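Step one of this worksheet: look at the structure below.
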Amino acid sequence: MKTGDFVWGLLLICFTALLIIPETKAAFMLATANQPMLMGFGKFAFLASMGELLANRISIGKWQIKKGTFAKAIVWGFIGVLVTLMFTLYSSGVAGAIQAGFLPALPESAGIWATIWKAFMISTIMNLTFGPMFMAAHRISDLLIDSHVAGHPVRVAQAVTQIDWQNFIKFIVAKTVPFF
């Protein structure tokens with residue numbers, strides 16, 4: 001095990017400990033309740049950056065913070081803000097659609113299963129509608145950052161034409177999004 005592996009694992013363990021230790025979990029949950037957008041930004045920026053670092057480690061065999069990692073962390077933070085907003089919108093929307101009879105519901109007497117069903121409906125509708133758009137925007141932002149770092153910045157219109165949309169539809173929309 002290399003030092004970088006240890007440091008990365010330790011950071012992940014520390015973050016996980018925040019959610020396990022009752023006192024820090026309570027503080028974390030209170031901060032999330034009081035500042036949902038700021039916490040959404042921070043959680044996504046941190047965890048997605050950890051994922052980017054791990055992907056780099058796997059692909060090149062060593063720990064390396066690539067140029068553009070900070071910019072990608074900022075983009076991930078804004079994605080966290082959007083996801084936080086979308087969860088609120090979709091939760092309220094699905095609840096309203098169930099109440100109006102537009103979506104099927106389990107009776108409250110079903111207990112936890114009614115809650116699980118509602119969560120499944122929220123997740124499914126959000127992933128099938130917001131998910132593809134979010135993934136496309138993320139693909140474009142990554143391409144913009146990577147091209148800038150490579151010294152060949154492109155405009156958004158150019159980035160859109162450089163994406164392999166057939167592969168995006170076959171893999172991201174048809175496989176990745178439904179998995180989530």
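No experiment lies behind these values; they were computed from the predicted model shown. No hydrogens, no waters, no symmetry mates; every other heavy atom, side chains included, goes into these values.
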Side chain to side chain donor-acceptor pair (under 3.5 Å): pairs with one or both residues in residues 160-179, sequence neighbours excluded: none

Residue pair Lys66 / Thr69, side-chain heavy-atom distance below 4.5 Å: yes

Heavy-atom check, side chain of Met50 versus side chain of Trp8, under 4.5 Å: yes

Interatomic spacing from CD1 in Ile145 to CZ in Phe70 - rounded to 0.5 Å: 11.0 Å

Thr3 side chain reached by Trp63 side chain, heavy atoms, under 4.5 Å: no

Nearest-0.5 Å distance, CD1 of residue Ile163 to CD1 of residue Ile140: 4.5 Å

Heavy-atom check, side chain of His138 versus side chain of Ile79, under 4.5 Å: yes

Least distance between heavy atoms, Thr24 atom then Ala17 atom: OG1-O, 3.5 Å

CE-CG distance between Met135 and Asn127, expressed to the nearest 0.5 angstrom: 10.0 Å

Side-chain heavy-atom pair Met126, Leu89 within 4.5 angstrom cut-off: no

Closest contact, heavy atoms only, Val75 versus Ser141: CG1-OG, 3.5 Å

Heavy-atom pair with the smallest gap, counting every atom of Leu103 and Val94: CD1-CG1, 4.1 Å

Straight-line distance of Leu53 CG to Ile58 CD1, nearest 0.5 Å: 11.0 Å

Sequence neighbours excluded, every pair satisfying side chain to side chain donor-acceptor pair (under 3.5 Å) that has a member inside residues 73-90: Glu52-Trp76, Tyr90-Thr129

Val156 reachable from Phe168 in the ILVMFWY side-chain graph, under 4.5 Å edges: yes

Spatial distance of atom CZ (Phe87) from atom CG (Leu82) [nearest 0.5 Å]: 12.5 Å

Sub-4.5 Å side-chain heavy-atom contact between Phe6 and Leu10: yes

Hydrophobic cluster identity match, Met86 and Phe120, side-chain contacts under 4.5 Å: yes

Leu11-Leu47 co-clustered via ILVMFWY side chain contacts under 4.5 Å: yes

Donor-acceptor pair, side chain of Ser123 and main chain of Ala119, under 3.5 angstrom: no

Worked verdict on Arg139 versus Ile172 for side chain to side chain contact (heavy atoms under 4.5 Å, CB included): CA-CA 10 Å; Arg139 177 71 54 95; Ile172 301 297; 3.6 Å; yes

Pairs flagged by salt bridge (Lys or Arg N to Asp or Glu O under 4.0 Å) wherever residues 96-120 is involved - sequence neighbours left out: none

Test side chain to side chain contact (heavy atoms under 4.5 Å, CB included) applied to Ile116 - qualifying residues, sequence neighbours left out: Ile112, Trp113

Whether Ser59 side chain and Asn56 backbone form a donor-acceptor pair below 3.5 Å: yes

Residue pair Pro104 / Trp117, side-chain heavy-atom distance below 4.5 Å: yes

Chi angles and distances behind the side chain to side chain contact (heavy atoms under 4.5 Å, CB included) call for Lys25, Met29: CA-CA 6 Å; Lys25 179 182 178 182; Met29 299 301 280; 4.1 Å; yes

Distance (rounded to the nearest 0.5 Å) between Ser92 OG and Ile122 CD1: 8.5 Å

Hydrophobic cluster identity match, Phe134 and Leu85, side-chain contacts under 4.5 Å: yes

ILVMFWY cluster, Phe102 and Ile125 together (side-chain gap under 4.5 Å): no

Output a table of donor-acceptor pairs, distance under 3.5 Å, between side-chain atoms of residues 30-46 and any protein atom two or more places apart or on a different chain; print 'none' if there are none.
from  : atom 1 : to    : atom 2 : distance (Å)
Thr32 : OG1    : Phe28 : O      : 2.9
Asn34 : ND2    : Leu30 : O      : 3.4

Where at least one partner belongs to residues 143-156, residue pairs that pass side chain to side chain donor-acceptor pair (under 3.5 Å), sequence neighbours excluded: Lys72-Asp146

Non-hydrogen atoms of Val154 and Leu144 that approach each other most closely: O-CD2, 3.3 Å

